Enquirer: 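Let me give you the structure first, and then I'll get to my questions.
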Amino acid sequence: MAHTYIEEISQYQGEEVTIKGWLYHKTEKGKLRFLMVRDGTGLVQAVVFQKNVKPEVFEAADRVTQESSLIIKGKVRADERAPGGYELDVSELTIFQLAENYPITPKEHGVAFLMDNRHLWLRSSRQTAILRVRSEIIHACRDFLAERRFTLVDTPIFTPAACEGTTTLFETQYFDQKAYLTQSGQLYSEATCMAFGKVYCFGPTFRAEKSKTRRHLMEFWMVEPEIAWAELDDVMALAEELVSYVVQRVLDRKKEELKRLERDTTLLEKIHPPFPRITYHEAFRILQEAGSETPIGSDFGGTDETVIAEKFDLPVMVHRYPVEVKAFYVQPDPQDLSLALCVDVLAPEGYGEIIGGSQRVHDYHLLLQRLESHHLPREAFEWYLDLRKYGTVPHSGFGMGIERVVAWICGLEHVRETIPFPRMLYRIYP
RNA sequence: UCCUCAGUAGCUCAAUGGCAGAGCAUCCGGCUGUUAACCGGAGGGUUGUAGGUUCGAGUCCUACCUGAGGAGCCA
C-alpha cells in the first residue's frame, strides 16, 4: 500500500494521506485523542475526534500505546496549534502491533538505564538528530575527498601484527593463528597511496585501552587520508579544509537537528581556514602560564588539551611534538631532529584531539632504526619496509576520529551518543 | 590499573539508627485543542549480594558485584 512520509506532508494539504509509523506520544482530552506519530522522517500530530470517526477507530486511538506500530489515514490540515504547522485529521487507524509497557517514558532517565535500552533509545528525537548529523559528517568527508580526487581504498580489519605495539590491540583467533583488530588503516594506506597517489580509508578501528572517559570508545570510526609526495604542511592545510567543509556542510544541511540539540551554532559558523598553528613548545608555554604540571617533553593530557584549545575560537593545530612521544613511523624534523613532523588538531570547547597526523619516515635505514628502537618485530614489517625500498617518496596523512567530531559539532557531553551502539569499557550490550 | 561517587517500586528520587514514601509510568473514572496536559482513584517493594554491629539497619562496619564520573593512554 502506497503511503506518505511525514517529511513530505506539507505538500498534501487538504488531501487524504496514509502514514505508517510509530506512536511517539499521546495526550487525551475528553473525546479527543492527540497522537504524535513518527516515521523516521518526521513527527506529525494526528487528531482523533470521537464524533467524526467510527467507534472502532476511536477505540483504537484510545487503546494505542507509546511505540505501537500503526497505520493512519487522514486529511492533512494546516493548524497553528500543531507542532510543525500541519496535523492529520484521522479517519482510519490500524494498530499493527500494540506495544506494552515501553520502557523509555517521556520523563527523565539515567545513563545506565538508557544505555541498557540503547536499541530503543535510538528512536528518540535527540538520538535520531545526533545520528543524522553523524551521517551528514560521514557523507561530507567522503564528498570532500572525492572532490579532491582521493580514491577510497579500504584497509583490512584483521591484521597480523601490531601497528604501534600490542598492548592496546584486541587479540582474536584467525583459524590457527593469532590476529588483531586494526587500530588504524594508516600503514596499509601508505602502501595504497604509492599505487593511487591520494587515498583514504574509512572504517572502524579498535583500541583495547582501558579508558573510561567521555572521549573514549573501544570501537570507533576514522577517516584517514594518505598522500604521496605530501609533506606536513600539505596535510595541515588539508586537515583544516576538511574540518571546515564538514562543519559548514552540517550547518547548511542539518539545521533542524542542531536546533533540536540546542547547539549554539555561532562558534561553528566561524570555522573556516586558516586555523591557528602553534608548535608543541608554544603550546607548552600556554600550559605553564595556566599552571599545568605536565613535564616538558611529555604528551598532553585531556585537561591540557582543553586549556590549549580554550585560547582559540577555531580548532588549533599543534605541531612538532618531541620525537619520543610519537610513533615509530613519524618523520623527524630536519631543522631539529628532536622534533617530529606531526600535528594534532584540537577542537574548541574542550572536545580534545579530533585529528592526529604526520609526515611518515620515507628513508629505509631510518625506518629500520626506528623499528628497532621501538622493539618492534622486523618480520611483521617487511612489507612496510619494502615501500621504502621500491620507489620511496615523502608522504603524509592523518586520521580524523568521527565520534569526537560528531560530539563537538553536536555539542554533546559524551561520545557514547555519537555512534548507534557504542562499545565502551565494560559495556558491550546491546 | 588507580581515584571518587552511587545502587530503595518499571523509571527518577526521598526517608535523624525507630511504621518504606513521592512524582512519573501502568490500570480505572472525568474532561472537544493537548504539547512532559490536568483532576480523582487503584495496584505496585527480598532497599545490589553475603556477612557483621545493634533491642532494632534502607541508614553504621567489612567484603564482593554492578553502574557513573575522572586519571593515565588515545582519535
Side-chain angles (χ1 to χ4, degrees), chain A residues 24-36 43-52 58 62-63 65-67 77 79-84 87 89 99-117 121 124-125 163-165 167-168 183-186 204-224 239 243 293-294 298-306 325-327 343-347 351-357 398-408 413-416 418-419 424-427 429:
Chain A
Y24 195 66
H25 182 68
K26 175 171 79 169
T27 56
E28 306 175 347
K29 172 87 185 177
K31 309 293 182 222
L32 268 171
R33 296 292 179 270
F34 297 98
L35 310 180
M36 196 61 81
L43 267 178
V44 69
Q45 176 166 276
V47 187
V48 188
F49 288 80
Q50 190 174 33
K51 275 186 184 170
N52 299 353
F58 190 78
D62 195 47
R63 193 163 53 97
T65 52
Q66 188 187 358
E67 288 304 322
R77 191 187 59 215
D79 193 313
E80 282 183 1
R81 294 168 295 186
E87 64 181 19
D89 245 330
E100 291 184 78
N101 294 318
Y102 187 71
I104 304 177
T105 62
K107 294 285 176 175
E108 66 205 83
H109 297 284
V111 169
F113 176 80
L114 289 169
M115 288 309 308
D116 285 341
N117 290 285
W121 189 22
S124 76
S125 65
C163 288
E164 315 173 22
T167 51
T168 61
Q183 275 188 315
S184 162
Q186 181 204 315
T205 54
F206 307 88
R207 306 234 171 136
E209 291 157 4
K210 298 219 167 171
S211 299
K212 193 170 161 50
T213 79
R214 67 186 66 198
R215 297 184 305 279
H216 285 88
L217 296 170
M218 303 302 107
E219 177 182 320
F220 65 98
W221 289 67
M222 261 202 308
V223 56
E224 296 176 273
V243 169
E293 287 172 11
T294 302
S298 67
D299 210 345
F300 301 133
T303 44
D304 293 333
E305 289 178 355
T306 304
V325 302
K326 289 293 168 182
V343 60
D344 282 359
V345 179
L346 309 181
Y351 283 95
E353 184 182 349
I354 51 172
I355 285 179
F398 63 82
M400 182 168 84
I402 294 301
E403 286 74 15
R404 286 190 184 173
V405 173
V406 176
W408 166 46
E413 283 295 306
H414 200 296
V415 291
R416 66 184 153 224
T418 64
I419 186 166
M424 295 184 293
L425 189 62
Y426 309 130
R427 183 181 283 281
Y429 178 90

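Nothing here was measured: the structure is a model prediction, and the numbers come from that model. Proteins come first, then strands; the chains are lettered A, B, ... in the order of their sequence lines, and each starts at number 1. These numbers come from the heavy atoms of this one structure, side chains and all, not from hydrogens, waters or symmetry mates.
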Enquirer: In Watson-Crick or G-U wobble terms, both distances under 3.5 Å, what is the partner of B/rU47?
Expert: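 Result: none.
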
Enquirer: Report which part of the nucleic acid A/E87 touches: base, sugar-phosphate, or nothing (heavy-atom distance under 4.0 Å, all strands).
Expert: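 Contact class for A/E87: base.
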
Enquirer: Using heavy-atom distances to pick each residue's nearest nucleotide on RNA chain B, tell me which of A/M218 and A/R81 is more 5'.
Expert: A/R81

Enquirer: B/rG10 C1' sits how many Å from A/E100 CD, rounded?
Expert: 14 Å

Enquirer: Can you tell me how far C1' of B/rU34 sits from CG of A/D62, to the nearest Å?
Expert: 15 Å

Enquirer: How close or far is atom C1' of B/rC65 from atom OH of A/Y426, stated in whole angstroms?
Expert: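 About 13 Å, once rounded to whole Å.
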
Enquirer: Return the value, rounded to whole Å, for the distance between atom OH of A/Y351 and atom P of B/rC74.
Expert: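 Distance check: A/Y351 OH to B/rC74 P gives 22 Å.
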
Enquirer: Closer than 3.5 angstrom, by distance alone: can the side chain of A/E224 be matched with the main-chain N or O of A/G185 as a donor-acceptor pair?
Expert: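 Checked: pair present.
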
Enquirer: Once you round it to whole Å, what is the distance between C1' of B/rG69 and CE of A/M115?
Expert: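 Checked: the CE to C1' distance equals 15 Å.
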
Enquirer: Can you tell me how far OG1 of A/T306 sits from OH of A/Y351, rounded to the nearest 0.5 angstrom?
Expert: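 These two atoms lie 10.5 Å from each other.
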
Enquirer: When the P atoms of B/rA42 and B/rG70 are considered, how many whole Å apart are they?
Expert: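 Nearest-Å result for B/rA42 against B/rG70 at atom P: 44 Å.
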
Enquirer: In whole Å, measure the gap between the P atoms of B/rC11 and B/rU49 for me.
Expert: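 15 Å, rounded to whole Å.
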
Enquirer: Of the candidate nucleotides B/rU35, B/rU12, B/rA71, which contains the atom at the shortest distance from the side chain of A/F113?
Expert: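 Selected nucleotide: B/rU12.
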
Enquirer: Decide yes or no for A/W121 and A/I104: does some side-chain heavy atom of the first lie under 4.5 Å from some side-chain heavy atom of the second?
Expert: yes

Enquirer: B/rC27 and B/rC19: how far apart are their P atoms, nearest whole angstrom?
Expert: 33 Å

Enquirer: Give one of base, sugar-phosphate or nothing for A/H109, where a contact means two heavy atoms less than 4.0 Å apart.
Expert: sugar-phosphate

Enquirer: Taking the side chain of A/E209 as its heavy atoms from C-beta onward, which of B/rG72, B/rC73, B/rG69 lies nearest to it?
Expert: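 Among B/rG72, B/rC73, B/rG69, the one nearest the side chain of A/E209 is B/rC73.
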
Enquirer: Look through every strand shown and name the nucleotide pairing with B/rC27 as Watson-Crick or G-U wobble, where both distances are under 3.5 Å.
Expert: B/rG41

Enquirer: Whole-Å distance between B/rC11 C1' and A/L114 CG?
Expert: 10 Å

Enquirer: Reckon A/R214 has a side-chain N or O less than 4.0 Å from the OP1 or OP2 of B/rA71?
Expert: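 So the side chain of A/R214 is outside the cut-off, no N or O lying under 4.0 Å from OP1 or OP2 of B/rA71.
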
Enquirer: Please report, rounded to the nearest Å, how far the P atom of B/rU35 is from the CG atom of A/L43.
Expert: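 For the pair A/L43 CG and B/rU35 P, the rounded distance is 16 Å.
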
Enquirer: Mind checking the P distance from B/rU59 to B/rA75? Whole angstroms is fine.
Expert: 46 Å

Enquirer: If we take the C1' atom in both B/rU34 and B/rA68, what is their distance in whole Å?
Expert: 36 Å

Enquirer: I'd like the C1' distance from B/rG72 over to B/rC3, given in whole Å.
Expert: 11 Å

Enquirer: Can you tell me the pairing partner of B/rU53 across any strand shown, Watson-Crick or G-U wobble, with both distances under 3.5 angstrom?
Expert: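 Its partner is none (no Watson-Crick or G-U wobble pair with both distances under 3.5 Å).
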
Enquirer: Output the distance between atom CZ (A/F220) and atom OG1 (A/T205), rounded to the nearest 0.5 Å.
Expert: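 Taking CZ in A/F220 and OG1 in A/T205, the distance rounds to 3.5 Å.
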
Enquirer: Please answer whether B/rG33 and A/F34 are stacked, defined here as ring centres separated by less than 5.5 Å and planes angled under 30°.
Expert: no

Enquirer: Within the 4.0 Å heavy-atom criterion, would you say A/L217 contacts the bases, only the backbone, or no part of the nucleic acid?
Expert: base

Enquirer: Counting only side-chain nitrogens and oxygens, does A/R427 get under 4.0 Å of the OP1 or OP2 atom of B/rA68?
Expert: yes

Enquirer: List the atom of A/M115, the atom of A/R427, and the distance in Å for their closest heavy-atom pair.
Expert: CB-CZ, 3.4 Å

Enquirer: Between B/rG33, B/rG69, B/rA68, which one does the side chain of A/H414 approach most closely?
Expert: B/rG69

Enquirer: Are side-chain heavy atoms of A/Q45 and A/L35 found at a separation under 4.5 Å?
Expert: no

Enquirer: Is any N or O donor-acceptor pair between the side chain of A/R215 and the base of B/rG69 shorter than 3.5 Å?
Expert: no

Enquirer: Please determine, for B/rG67, whether a Watson-Crick or G-U wobble partner exists with both distances under 3.5 Å, and give it or none.
Expert: B/rC5

Enquirer: Name the residue closer to the 5' end of RNA chain B, choosing between A/A82 and A/G110 according to the nucleotide with the nearest heavy atom.
Expert: A/G110

Enquirer: Looking at B/rA15, which nucleotide sits across from it as a Watson-Crick or G-U wobble partner, both distances under 3.5 angstrom, or is there none?
Expert: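 Paired with B/rA15, as far as the under-3.5 Å criterion goes, is no nucleotide at all.
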
Enquirer: Which whole number of Å gives the distance between the P atom of B/rA22 and that of B/rC65?
Expert: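 Pairwise P distance, B/rA22 against B/rC65, rounds to 36 Å.
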
Enquirer: Would you indicate which nucleotide in B/rA68, B/rU34, B/rC74 comes nearest to any side-chain atom of A/R207?
Expert: B/rC74

Enquirer: Can a side chain N or O of A/K212 be found less than 4.0 Å away from OP1 or OP2 on B/rG70?
Expert: no

Enquirer: With the threshold set at 4.0 Å, does a side-chain nitrogen-carboxylate oxygen contact exist between A/R404 and A/E353?
Expert: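 No, A/R404 and A/E353 are not salt-bridged.
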
Enquirer: Find out whether A/V111 and A/R416 are in side-chain contact, i.e. whether some heavy atom of one side chain is under 4.5 Å from a heavy atom of the other.
Expert: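 The answer is yes; the side chains approach within 4.5 Å.
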
Enquirer: Taking all atoms of both residues into account, what is the closest heavy-atom pair of A/H109 and A/P103, and its distance?
Expert: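 Reported closest heavy-atom pair: CE1-O, 4.0 Å.
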
Enquirer: Give A/D299 one of three labels, base, sugar-phosphate or nothing, depending on what nucleic acid heavy atoms sit under 4.0 Å from its own.
Expert: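 If one applies the 4.0 Å heavy-atom cut-off, A/D299 turns out to touch the sugar-phosphate alone, with no base involved.
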
Enquirer: Are the side chain of A/R215 and the backbone of A/V415 linked by a donor-acceptor contact shorter than 3.5 Å?
Expert: no

Enquirer: Please report the distance, rounded to the nearest Å, between CG in A/L346 and P in B/rC74.
Expert: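 Atom-to-atom, A/L346 to B/rC74, this comes out as 14 Å.
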
Enquirer: Please encode protein proximity along nucleotides 21-32 of chain B as a string of B, S and -, counting only heavy-atom distances under 4.0 Å.
Expert: ---SSS----BB

Enquirer: Mind checking the P distance from B/rU47 to B/rA57? Whole angstroms is fine.
Expert: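 About 12 Å, rounded to a whole number of Å.
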
